[in-house]
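Notes for the one structure printed next.
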Amino acid sequence: MLKISTWNINSVRLRMPIIAEFINSRSPDVLCLQETKCRDAEFPHKDFHALGYRHIVINGQKGYHGVAIISKKPIELLDKRDFCEKGDARHISAQLNIKNTAITIHNFYVPAGGDEPDVTLNPKFAHKLEFLDEMSHWVRKNKITQSPSILVGDLNIAPLENDVWSHKALLKVVSHTPIEVEKLNAFFKAGEWIDALRHFIPEPEKLYTWWSYRAADWAAADRGRRLDHILVSDYFANRLKKLEILKEARGWERPSDHVPVTIELSI
DNA sequence: ATGGTTGCTTGGCAA
């Protein structure tokens, strides 16, 4: 079995106590983090080593973005791809070998896209759409899904109607606009990815991984969105065994606004 | 319709 988790941590240094809490209770083989928000030299390697994770690859930058793959078993760094050539730390990939099977793990932090869903008024929204187009091109050109591949991360889009608390209320809110959903679906199609979360919990059940910091009472309002995703290539179609979306982590001490998502795969 | 919070860093952005 392979147990892999993804979590937008919103500052890895600040969140180390709850990362330890998560690791001690769930103990994934591989933990993928987004929004680490520190330079590579500032990454808390020692804390992860002490928790039993000695194999770490990181793509960090000062203050913004940043992704990491943290593993109990040896992993090999494959790539840190600069989508849209902006120098942002939004992707890292690594290879994990289990029982003579080479598994590629891609960890993404897709641009949030700002507040205004208009490419002419908002360059951040244009960047987000361009980033998604480039992802589709990349997955097709490099035949990413023709070998055993797992893609995780904060894709900053909730594609399905029940991936948000109100489809109608969010149609003009960045993360759920039709153009973003169309681009993300094009990416899904380009790789023939399997949506692992919806494999376990199909529509029309509501499914969220993020709750805003701005709600007075996030749990009572429960106005969430499914922004975090795990996609697997065809190799894993009959190997998906278990899913956990750890909603309670949103209520932990000094939480991230995202919660950890974990799947188990048989290899 | 608007404002609400958090993190990085100390003045505003970005989310």
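Both backbone and side-chain heavy atoms feed into the values below; hydrogens, waters and symmetry mates do not.
- In this structure, A:Lys62 places its NZ atom 14 Å from C1' of B:dG12, rounding to the nearest Å.
- Between the NE2 atom in A:His91 and the CG atom in A:Asn59 there is a gap of 9.0 Å [rounded to 0.5 Å].
- Other residues sharing a hydrophobic cluster with A:Met1 under the 4.5 Å side-chain heavy-atom criterion for ILVMFWY residues do not exist; the residue is a singleton.
- Each of A:Asp154 and A:Pro255 was assigned the nucleotide of DNA chain B with the nearest heavy atom; the assignment lying further toward the 5' end belongs to A:Pro255.
- Distance alone, capped at 3.5 Å, places no donor-acceptor pair between the A:Lys128 side chain and the A:Pro123 backbone.
- Summarising the geometry, the separation between CH2 on A:Trp210 and P on B:dT6 is reported as 13 Å, rounded to the nearest angstrom.
- Atom CG in A:Asn122 sits about 14 Å away from atom P in B:dC13, given to the nearest Å.
- Atom NZ in A:Lys86 sits about 10 Å away from atom P in B:dA14, given to the nearest Å.
- A distance of about 25 Å separates the C1' atoms of B:dG12 and B:dA1, rounded to the whole Å.
- In the set B:dA15, B:dC8, B:dA14, B:dA14 carries the atom at the smallest distance from any side-chain atom of A:Tyr64.
- One finds no salt bridge joining A:Asp82 and A:Arg90 here, because no Lys/Arg side-chain nitrogen approaches an Asp/Glu carboxylate oxygen to under 4.0 Å.
- B:dT10 and B:dA14: their C1' atoms are spaced 16 Å apart (whole Å).
- Taking atom P on both nucleotides, B:dG7 is separated from B:dG3 by 22 Å, rounded to a whole Å.
- Between A:Ser11 and B:dC8 there is a side-chain N or O to OP1 or OP2 distance below 4.0 Å.
- Remark: C1' of B:dA15 and NE2 of A:His127 are 14 Å apart, rounded to the nearest angstrom.
- Between A:Arg214 and the phosphate of B:dA15, there is no side-chain N or O to OP1/OP2 separation shorter than 4.0 Å.
- Among the atoms of the strands shown, none is found under 4.0 Å from any heavy atom of A:Arg223.
- Atom OH of A:Tyr213 and atom P of B:dC8 are 9 Å apart (whole Å).
- Using a 4.0 Å heavy-atom distance criterion, A:His65 is classed as a sugar-phosphate-only contact.
- One can place CG of A:Asp115 at 12 Å from C1' of B:dG3, the figure rounded to the nearest angstrom.
- Using a 4.0 Å cut-off, no side-chain N or O of A:Arg13 falls inside it from OP1 or OP2 of B:dG7.
- Relative ring orientation between A:Phe108 and A:Phe83 is described as tilted, the plane-to-plane angle lying within the 30° to 60° band.
- Following rounding to the nearest Å, A:Asp257 (CG) and B:dA14 (P) show an atom-to-atom distance of 17 Å.
- The side chain of A:Lys124 approaches B:dA14 more closely than any other nucleotide in the set B:dA14, B:dG7, B:dT5.
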